[in-house]
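So the structure is just underneath, and the comments pick up after that.
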Amino acid sequence: MSERTFLTVPEHVAIIMDGNGRWAKQRGLPRTMGHRKGVDAVRETVRAAGDVGIKYLTLFAFSSENWRRPETEVSDLLGLLKAFIRRDLADLHRQNVRVRVIGERNNLQSDILDLLIDAEQTTRNNTALTLVIAFNYGSRDEMARAMITLAQDVEAGRLRSQDITPALINARLDTAGIPDPDLIIRTSGEERLSNFLLWQAAYSEFIFMPEYWPDFTRELFYAALETYASRNRRFGGLVEKTAAAVGT
Ligand code: FPP
């Protein structure tokens, strides 16, 4: 267990793990080496999150747009994800980690789909960290799929269109039941969401870090959590001032 304590620990941290390719290029290595090193950073981050009591960690592992990359890179990334689940599932289970997968499941290769479902089933009763793997995920695609199910209910007369609320939309998203991310981190210096959790990010704090994902460490993660806590502390100051003003 880590001895680090924070004033506030976010309940849900989501990470856009960017910069694997540039990390490799900087070293004259093939891009796949960056992804490989990125998996080590994933392992360290999952442990670090669990150690400080984060309840949900969402990792953007493969976007619906990533299929446009060269075939060899796509197959490397899929291979790494499969290997991660095969090799690390028992360990995650021992750490009481629950795995959930978000993203489009239709038309996925059956071997990868079976692995993802098996990971969810095996760990479904675990109660420490929930590791949410965003795989074949795109936020607009997720929202369109949610809208389709709502439209189908309206067409079938099960739902009146005027009864559609944000809560009802929320419940149709892949993230149903998962609280919105308190903090979204993106590595590699890029400062955009890239179709990640657009709906869910309505009130999230953002931290953009210059380091490439393979260089991400427990220490960098905790530094981001300190920054997050200091942003919340300012909000605490406001509450204290209000309390002083009413003489409490
Ligand atoms: C972005 O780097 C990273 C990805 C597209 C994939 C992230 C995947 C992993 C770290 C490995 C598998 C995941 C898990 C959960 C085991 P990039 O290739 O876009 O980097 P670049 O912008 O420098 O080219």
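Just follow the structure's listing: the first ligand is 1, and inside any ligand the first atom is 1. Values below: every heavy atom of this structure, side chains too, minus hydrogens, waters and symmetry copies.
- A perpendicular orientation is assigned to the rings of Y137 and F60, their planes being inclined by more than 60° (bins at 30° and 60°).
- Contact annotation for R69 and ligand 1: only side-chain heavy atoms (C-beta onward) come within less than 4.0 Å of the ligand.
- Only the side chain of N66 comes within 4.0 Å of ligand 1, counting heavy atoms alone; its backbone N, CA, C and O stay farther away.
- Between E65 atom CD and N195 atom CG the span is 5.0 Å, to the nearest 0.5 Å.
- For atom 14 (C) of ligand 1, the closest non-hydrogen atom on the protein side is L81 CD1, 3.8 Å.
- Residue-ligand proximity: G19 is placed with a non-hydrogen atom under 4.0 Å from ligand 1.
- Shown in contact with R22 at under 4.0 Å from a heavy atom are these atoms of ligand 1, numbered in order with element: 21 (P), 22 (O), 23 (O).
- Here the CE-CG distance, from M209 to D18, works out to 13.0 Å after rounding to the nearest 0.5 Å.
- Hydrophobic clustering (side-chain heavy atoms under 4.5 Å, transitive across Ile, Leu, Val, Met, Phe, Trp, Tyr) keeps I133 apart from F196.
- Atom 24 (O) of ligand 1 has its nearest heavy-atom neighbour, among K25, R31, E190, E73, in R31.
- Here the heavy atom of the protein found nearest to atom 10 (C) of ligand 1 is N20 ND2, 3.6 Å.
- Counting protein heavy atoms only, atom 6 (C) of ligand 1 is closest to A61 O, 3.4 Å.
- Hydrophobic clustering, with ILVMFWY side chains joined whenever heavy atoms are under 4.5 angstrom apart, groups L225 together with L129.
- The distance criterion of under 3.5 Å between nitrogen or oxygen atoms is met by D18 with respect to ligand 1.
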Could you check Y228 against I185 for side chain to side chain contact (heavy atoms under 4.5 Å, CB included), going step by step and ending with a plain yes or no? CA-CA 10 Å; Y228 171 82; I185 297 173; over 6 Å; no
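- Side chain of D182 to backbone of E11: a donor-acceptor contact under 3.5 angstrom is found.
- Near H35, the atoms of ligand 1 lying under 4.0 angstrom from a non-hydrogen atom of the residue are 18 (O).
- Scanning the protein for heavy atoms near atom 12 (C) of ligand 1, the closest one is V39 CG2, 4.1 Å.
- Atom OG in S75 sits 8.0 Å away from atom NZ in K82 (nearest 0.5 Å).
- An N or O contact shorter than 3.5 Å links G21 to ligand 1 by distance.
- At the shortest separation from atom 3 (C) of ligand 1 among protein heavy atoms lies M17 O, 3.0 Å.
- Looking only at distances, no side-chain donor or acceptor of N96 sits under 3.5 Å from a matching main-chain atom of N126.
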